[in-house]
Engineer: 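My structure is below; once you've seen it, I'll send some questions.
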Amino acid sequence: QVQLVESGGGLAQAGGSLRLSCAASGITFSIYTMGWYRQDPGKQRELVADITSSGRTTYADSVKGRFTISRDNAKNTVWLQMNSLEVEDTAVYYCKAGRGFWGQGTQVTVSS
């Protein structure tokens with residue numbers, strides 16, 4: 001029933017940009033905090049950014065100033081704009097809705 005469909009991942013060079021999208025269905029999107037998380041093999045999954053239903057944002061220190069999370073409740077969509085990409089940003093990125101719904105994950109690879 002709940003579906004989070006991600007797009008926009010892929011390959012980028014250091015210093016470049018990518019924009020990830022997550023389209024949600026099966027939930028009352030407007031009341032959910034939405035988030036982006038990432039995980040590399042051998043590492044713990046970590047919060048990248050989240051945004052509340054009212055638009056309040058939180059960022060990991062490692063991405064603050066480079067990444068921007070946004071949402072459009074009319075479109076049931078949340079985005080992650082990633083600028084000034086670094087090799088260390090390479091990971092599988094996951095979209096999360098509320099406290100328990102996850103997307104399938106999308107690979108982001110940054111090369112130097």
Side-chain angles (χ1 to χ4, degrees):
Q1 182 70 16
V2 177
Q3 190 173 29
L4 305 174
V5 180
E6 298 155 318
S7 61
L11 306 177
Q13 291 187 340
S17 298
L18 288 172
R19 185 173 177 86
L20 306 183
S21 298
C22 174
S25 61
I27 59 171
T28 307
F29 180 84
S30 62
I31 68 172
Y32 277 78
T33 293
M34 302 295 298
W36 289 97
Y37 292 70
R38 67 187 182 187
Q39 186 171 26
D40 261 345
K43 298 180 180 179
Q44 298 183 30
R45 188 173 297 186
E46 65 175 357
L47 172 71
V48 178
D50 64 25
I51 182 167
T52 69
S53 59
S54 63
R56 181 170 297 181
T57 58
T58 300
Y59 296 94
D61 287 342
S62 60
V63 308
K64 193 171 296 183
R66 300 187 298 118
F67 292 8
T68 303
I69 189 170
S70 59
R71 69 190 293 162
D72 187 337
N73 290 338
K75 296 181 181 293
N76 285 9
T77 301
V78 61
W79 296 271
L80 184 69
Q81 178 67 46
M82 304 186 294
N83 297 327
S84 301
L85 283 164
E86 303 170 353
V87 172
E88 293 76 17
D89 296 320
T90 295
V92 177
Y93 283 70
Y94 297 90
C95 180
K96 182 184 179 184
R99 303 172 84 167
F101 299 109
W102 294 89
Q104 78 286 351
T106 185
Q107 178 71 47
V108 171
T109 302
V110 183
S111 62
S112 62

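The structure displayed is predicted, hence computed values, not measured ones.
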Engineer: Taking the side chain as everything from C-beta on, heavy atoms only, tell me whether Thr58 gets closer than 4.5 Å to Arg56.
Structural biologist: no
Engineer: Compare every heavy atom of Asn83 with every heavy atom of Gln81, then report the nearest pair and how far apart it is.
Structural biologist: NE2-OD1, 3.0 Å
Engineer: Output the rest of the hydrophobic cluster of Ile69: all Ile, Leu, Val, Met, Phe, Trp and Tyr residues reachable through side-chain heavy-atom contacts under 4.5 Å, sorted by chain and number.
Structural biologist: Val2, Leu4, Leu18, Leu20, Ile27, Phe29, Ile31, Tyr32, Met34, Trp36, Val48, Ile51, Tyr59, Val63, Phe67, Val78, Leu80, Met82, Leu85, Tyr93, Phe101, Val108, Val110
Engineer: Would you sort out whether Thr90 and Glu88 count as a side chain to side chain contact (heavy atoms under 4.5 Å, CB included), showing the intermediate values?
Structural biologist: CA-CA 5 Å; Thr90 295; Glu88 293 76 17; over 6 Å; no
Engineer: Kindly give the heavy-atom pair with the smallest separation between Ala91 and Gln107, and that separation in Å.
Structural biologist: O-NE2, 3.4 Å
Engineer: Holding to salt bridge (charged side-chain N to carboxylate O under 4.0 Å, His left out), I want the full list of residues that pass it with Arg45, two or more places apart in sequence or in another chain.
Structural biologist: none
Engineer: State the CD-OG1 distance between Gln13 and Thr109, to the nearest 0.5 angstrom.
Structural biologist: 13.0 Å
Engineer: Considering non-hydrogen atoms only, spot the tightest contact between Ser53 and Ser30 and give its length.
Structural biologist: CB-O, 2.9 Å
Engineer: Does a salt bridge link Asp50 with Lys96, judged by any charged N lying under 4.0 Å from a carboxylate O?
Structural biologist: no
Engineer: At their closest point, which heavy atom of Gly105 faces which heavy atom of Glu6, and how far apart are they?
Structural biologist: N-OE1, 2.7 Å
Engineer: Between Arg19 and Ser7, is any pair of side-chain heavy atoms under 4.5 Å apart?
Structural biologist: no
Engineer: For Ser84, give me all partners under side chain to side chain donor-acceptor pair (under 3.5 Å), at least two apart in sequence or on another chain.
Structural biologist: none
Engineer: Out of curiosity, does Trp102 fall in the hydrophobic cluster containing Leu47 (side-chain heavy atoms, cut-off under 4.5 Å, transitive links)?
Structural biologist: yes
Engineer: Who passes salt bridge (charged side-chain N to carboxylate O under 4.0 Å, His left out) against Asp61, sequence neighbours left out?
Structural biologist: Lys64
Engineer: Considering residues at least two apart in sequence or located in another chain, which fulfil the salt bridge (charged side-chain N to carboxylate O under 4.0 Å, His left out) criterion with Glu46?
Structural biologist: Arg38
Engineer: Mind checking salt bridge (charged side-chain N to carboxylate O under 4.0 Å, His left out) for Lys75 and listing every partner two or more places apart, or none if nothing turns up?
Structural biologist: none
Engineer: For residues Trp79 and Asp72, determine if any side-chain heavy atom of one lies less than 4.5 Å from a side-chain heavy atom of the other.
Structural biologist: yes
